Amino acid sequence: MYPSWTPHEAAIIFSALIPAFPLGAAIVLALLGAKWFKKSSHVPAIIGVSLSFFIALKLLLMFQFGQLAAPNATYIQSDLWTWIGAGGFKASVGIFLDPLSCLFAAFVTGISLLIFIYSSGYMEGDYGYFRFFAYMSLFVFFMTTLVLANNFLLVYLGWEGVGLASYLLIGYYYPRPAARDAATKAFITNRVGDTCFAIAVLMIYLTFHSLKFSHVFYGSLQSPAFRAAHRTVLFWIPLLLMFGAFAKSAQFPLHVWLPDAMEGPTPVSALIHAATMVTAGVYLIARCLPLFLHDLPVLHLVGLIGCFTAFMAATIAMCQYDMKRIWAYSTISQLGYMFLGLGVATGTGAVFHVFTHAFFKALLFLATGSVMHAMGGELDIRKMSGLRKKMPITAICILMGCLALSGFPGWSGFFSKDDILSAAMNSTWRFGPWLAVVGLLTALITAYYTFRVFFRVFTGELILPATAGQHESSPFFPPGDLPGGEHAVNHGRPAAGDAAKDRHAPAKKPRSLDGAPAMWLPLIVLAIGATFAGYLGVFGSHAPGGWIGGFLGRVPLNGTIRYVPTPPAGLPQPVGGHVNPILIMIIGAALAVLGVLIAAYFHRINRQAAAKVAVVLRPLVHFLENKWYIDELYHYTLVRPLRFSGYILSLMDRFIVDGLVFVIGFIPQLAGFTIKPTESGRLRYYGIGMVAGVAVVLLGVLYLLR
Amino acid sequence: MDYTLILATALGAISLYLMLPRGRAALVKLGALIGVLALGAGLLGWFHWTAQEQAVHYPGPPAIFFYIFAAIALASAAGVVCHPRPLYAALYFVLLTLAAAALFLLLRAEFIAVVLIIIYAGAILVTYVFVIMLASPGGEIPAADYDRISADPLAAVLVSFLLLGTILQMMSYGQAALAHGPGAVPAAGPAGFGGMGMLGANLYSHYALPLELAGVLLTVSLVGAVMIARKNEPPVRMLDSGEIPAE
Amino acid sequence: MNINLQGLCPEIIMLSAAALVLLVGLCPRDGVRRSSQWIAAISLVLAFIAAWNLGPIGDGRHWTLWPLATYDSLLASGIGLLTVLASWDMPFLDDPAQSDKAYRGEFFAMLLCSLAGLSMMAKVNDLIWLFLALELVSIPTYIMVAAGRGNAAAQEAGVKYFFLGALSAAIYLFGFSYLYGFAGSTRFTAIAAAFHSALAGGHLPYVALIGLLMVVIGISYKIAAVPLHYYAPDVYQGAATPVTAFLSFTPKAAGFFALIIVFNLTGWKLSGPGAPGHVLPDLLMVLAVLTMFIGNVLALLQRNIKRLLAYSSIANSGYMLVGLAVGPVRPAGSAINGLSATLFYLGAYSLMTVGAFAALIYLQGKTDAAEDLDDIAGVAGEHPLAAASMAVCLFSLIGMPGTVGFLGKLFIIQAALAANHPLLAVLVVINAAIAAAYYLRIVAAMYLRDAWTPFTVRRSLAPPFAAALATVLVIFFGIFPAQLFQQSSASGQVVPTAVISHKPAPVPLAAARPPAYPQ
Amino acid sequence: MSNPVLYRYLALGAALFAVGLVGFLTRRNMIMIFLSTEIMFQGIAINLIAFSCYHQNAAGQSFVIFLLTIAAAEASLALGLVVMLFRRRETLNVDAWSDMQG
């Protein structure tokens, strides 16, 4: 098959092609999109990402069947080309292939492929269609670069690039001020993390004199003498990496940008939340676990903040009404779980959760996009009900997604969440079990708010918002300002008219509101994934953690540090306690079912009962008042406190955390205002400033040298 | 620390501060008085230094000439800075140039002294005076407001004399610095030192390239002056002033 | 001063072209006068070729820093060509109020003279020559600022630039006089020898110290560094945009080359424990940090793009000063030292800033050249290429990976770390983060806002060509930095002049030869 | 052997430089501002000549020649500038040219 290449070389060349195809698609679209492709702009993008996906899949299979490496070589890494070479300092463009990067590459490209296909239906006829796909391809390019890089500098390139692409995509509907603000907010917040990451990279270079993963993780780090000599640095590096990861993965206190990021088109949200942006942080920490394992306080901090973020975001999600916003908070919450998993040193569990989460969160966002598409942009769950009848496919798909997200037994989220929680419960870390308890409580809340949405929107009697069936008004062409007029906005944009006409033309009346096949086919694929992906973590291997666990864990790196789940002796083991995992599984299942039942009661059963009471059984008010008391009891004992805490936390979110970000942006400005008067505009004051500067410098030197 | 130097610097600062135009004559006189004191303090300081070096006898003109011309130079510099009427200030500058030329003669730079008088006093200052006259169409008698009251005298005097004090202080610390220098004592050079021949030979042997560059620069500034000052209207006659130094 | 004129070939080409352009500019026929920019451009191409082909010439004594001199000439003619293209049609030339279009020749002659001054900066071997070269860079820029356009802002900029420039010249001349007094000669070899023997004797005389300090601070006017940075925003804002583009490159580059050769006189022996002048590098670091912070922090408050870029230029001087303060200290095996990082950054910065200004020149605002953020709002819709090249240059200034600006910052940080100044590196990173905010505002204005009015663009194709060329180079050098890196790193391996004065044999030239680019 | 004769000339040069600075910073008349820089140049020239005499070589004197040349060139430029500015605002007050700030 590869005439002159060994499988090893073939793998390197193939994996270099994974980022190359999306990049090519982005360049082609940027150059030719406006003139040639126009409405078929999705074609190169989909071709590019599907090629990447197939290659990634092929690599995955090669790894799985041991075609790639001798038993001892656990990773493949090679420099393709030296980017910056300067004596001792060398940064190269290179590939690092191991099960972790391979798995990430496969699901990133796979989920992206589905999202791209969906987008071709969802964004059809939108203004700047080619621009959208160019940015999306760029996004995938940077993400795959990040995942496949073999050194920190290249990871940094991907890291910044992902930020840039997200900035462009979140601000895609730039005529909306909210979109612009959200884009800026995302970029600035990420910039805080980027700065931390950059400093961490510097410190890594200073400490290890190399930026290559193979040198950093498996070189001198293994020697206790080296670790003892660099204690402080080895504390700061993981800490800074942690902040970098927190910004990208939206963890407290740097999570503020993610809920706002839904200002971009819905497929962008799906891409950000499921496949690309937010998983980068998890990838980074999972990749750098060897560094973290040597500094437990930082690792525990990761777990602690992850756990707190999971709980906080879940309670906030309970009191939101906007569907996308609920899913955004749920993403933050689920990412919290992943960091909780990393914090108790179960990299496998965290990556497993990333993997399943990618399916169901993409599914939920895309299905929500379908709802939004059908409802004319309306997303308020109070304004719609019973959509099951109008959108059967979407409803079934979203049910699968909700079951997976809520951790309902049998669906994918159940297994991956359980992995993390049982690892936490059995952690050697004293507080691990407490985090697990909070995680279980969060699971209950998760099940509740997930099904609150489902029951509200898809069950019950059919209620449609006023905008249903219309097309969402394009932000580029506000109503009443249709193209063809002489308004300045459209000046010199000849192509815009056609696009807008298409968008507003009366479409053929569909039987259901599920949308084009391009939209519901990916949903079905994702629903299947969301349902069954979890079994990969149970079956398929004799190792604990099923196929995933076996795949990720089968490779002892360098013979000394195994990639998690089993670090060598002396390091924290993910399993140290004696709580039976089956027990946790049962508790988790019970809590998930309980959450679903509570949601069903409040948002399905009671809703109908209340309606009946109101209409038919007027004399039985007294009796029903008892019911209502119970309702109140529930309300006040369970829902209210949680809602209240959610409210408090969302207030905190709004004021304190936003305030923090504001302060970070504000201090330089304040400093600017303080020294602004020095630029007085008067020649004389400039001269005085200059002479004073000279005098002060001379005086200082005189003083210091004397 | 050399306290006489600090005293002299401080007195000089006060004196200049008082003399800066503020529309009050009494202060100017007080300032001039303090200025004399400052010069005296400076003189004391130098005597003090010189006293440490009794053993060495320097040939050349007696130090009194230096003190006289230095005092004239400083006083006329203060006059340039402080006089509210630009024309008088320009004339003070001529005086400063003459004093400087005299000092150059003491230092055996005869040719430079002559050049200074010819170019500065003779050519540049004349153009200055032209421009001053041009810009004061109502005659010179009432000085403009912006000349009669100086701006920010305190800050300006403070920073300038802070710089001066620092430099003088550094030099007083570093008195021994040039002891290892290659030079001889002043004013004992070979015959012809400072003359036109020596300078010309030096210029055209060692500094031929800078000389060419100076020509380029003069051309550039000439063209530039014309370019800046010309308007679409018929050129104003006065602009040709830029040509004079080019010769 | 036995000058081998062959070594001055690029400068001679430029100055001859300047004379020719002056003559052409006098011609009454407009068509002939229009050839002046062609002459300027062609002469710069020739100068570039000449600089490229000139190897070390002469006995090795006069061309002490040959790779540096080559890099200087290449930069002067290369980036100079971009600035000529950017100012192909000066705004005032098309101003109907200016019926007399006679300034074209003069303008390009000034530009060429200034570039010639820059180009000879690193070949200077004498204080007097250094003084004249600095003035040759400055005086034409004074003229260009004051006469670049006819409005009051340009005149105000001219006043401030000229008078403060004269003040700074007085400051560094004062320093020159002390350096001369210290060494007893204006020759660099003699001054370097004096420094060498003084430092070897373990003391740095105050005469030398005063001279060095005044020279360094006086020259920092050219690079707009604290404490002589005040003029930059006003002057950049007031000058015609092509002149601003020129200002952001030529005096700055000249200042850095001058600073390098001045520090080279000291043999870079000032730092280190117990060195007599050990505070000077620390002082330079403090100034560098102040420069970065003041530039970035004040840029945050600006709405005028030229003013914003002026503050950004101050901040970028700060980054480069970091490299200069670190000096040529070089850990074993590393080809990066502070100097080569500074020189690389200088090349990178010149490309980015001239590219950004060229894009700005191409875009016309409502009345005048685009200046305010509102003037370029939504420009991406109508002029995607101009907006893209501006955006690429700005992202490069931010330090986005994949652009040359990223590598520039990386090398600076790298050099600071290698010389064991981690705090300095961290401060650079923090400043880069602050800077992102204001560069991004320009990008946001172009891409995320709607146009207010239709745009007009300049007729001439040269400015957009310059912008496109700069953009391509920004990306090219960001991905394949080898050539630029090789030049700058070879130039950064300075041989202290004192060593040369002791060994006039071609040994130092061999030592200064560019190292093989490590693969 | 230190050299008081040299130092007193240097002190005079520095003092002239400082007085020129004061003039530069306090005068508002543009012509006077430039005249103040000329005072500073005089101070520098005295430094150079003193050093030239001290070292007994002509470099310092040659430097002064160039100094005077450049001073003259700058003076021509300054006067051209002043004329242009005066024509526009009918004043020599430099504070009239302080619109840009911040």
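Everything numeric in this text was worked out from a predicted model, so none of it was measured. Sequence lines set the chain letters: A, B, ... in the order given, protein chains first and strands last, and positions in each chain run from 1.
Residue D:A45 does not touch chain C at all, counting heavy-atom pairs closer than 4.5 Å. For C:Q155, the parts lying near chain D are the backbone and the side chain together; criterion is any non-hydrogen pair under 4.5 Å. Proximity to chain D is absent for every atom of C:L298, based on heavy atoms less than 4.5 angstrom apart. The contact between D:L48 and chain C is made by backbone and side chain atoms together, counting heavy-atom distances below 4.5 Å. Contacts of C:Y178 with chain D are made by both backbone and side-chain atoms, with heavy-atom separations under 4.5 Å. Neither the backbone nor the side chain of D:A71 comes within contact range of chain C; no heavy atom of the residue lies under 4.5 Å from a heavy atom of that chain.
Judged purely by distance below 3.5 Å, without hydrogens or angles, the side chains of C:Y180 and D:N57 pair a donor atom with an acceptor atom.
Scanning residues 161-173 of chain C against chain D with a 4.5 Å non-hydrogen threshold yields C:F162, C:F163, C:L164, C:A166, C:L167, C:A170, C:I171, C:L173, sorted by number. Within residues 59-66 of chain D, the residues having any heavy atom under 4.5 Å from a heavy atom of chain C are, by residue number, D:A59, D:G60, D:S62, D:F63, D:F66. Listed by sequence position, D:M30, D:I33, D:F34, D:T37 are the residues of residues 30-37 of chain D in contact with chain C, using a 4.5 angstrom heavy-atom cutoff. Scanning residues 15-27 of chain D against chain C with a 4.5 Å non-hydrogen threshold yields D:F17, D:L21, D:F24, sorted by number.
Taking the six-membered ring for Trp and the full ring otherwise, the centers of C:F195 and C:F182 sit less than 6.0 Å from each other.
Within the model, atoms OH of C:Y236 and CG of C:L309 stand 9.5 Å from one another, a figure rounded to the nearest 0.5 Å. Interatomic distance, C:L209 CG to C:M214 CE, rounded to the nearest 0.5 Å: 11.5 Å. Atom CG of C:L136 and atom CG of C:L15 lie 6.5 Å apart (nearest 0.5 Å). In this structure, C:L127 CG and C:L179 CG are separated by 6.0 Å, a value rounded to the nearest 0.5 Å. To the nearest 0.5 Å, atom CG of residue C:L212 and atom CZ of residue C:F176 are 11.0 Å apart. Distance check: C:L308 CG to C:Q237 CD gives 11.0 Å after rounding to the nearest 0.5 Å.
No donor-acceptor pair under 3.5 Å is formed between the side chain of D:R89 and the backbone N or O of C:A152. In this structure, C:S177 contributes its side chain and C:F174 its backbone to a donor-acceptor pair below 3.5 Å. Within the 3.5 Å criterion, the main-chain N or O of C:L247 finds no donor-acceptor partner in the side chain of C:T250.
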CA sep, side-chain torsions, deciding dist, call: D:E74, C:Y142, side-chain contact (heavy atoms from CB on, under 4.5 Å): CA-CA 10 Å; D:E74 288 200 347; C:Y142 300 149; 4.2 Å; yes
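Counting heavy-atom pairs closer than 4.5 Å to chain C, the top-ranked of the candidates D:I70, D:L67, D:I44 is D:I44. Taking chain C as the reference chain and counting heavy-atom pairs below 4.5 Å, the highest number among D:D99, D:V82, D:V94 is found for D:D99.
For the pairing with C:T186, the side chain to side chain contact (heavy atoms under 4.5 Å, CB included) check across C:D126, C:N125, C:I191 returns one residue only, C:D126.
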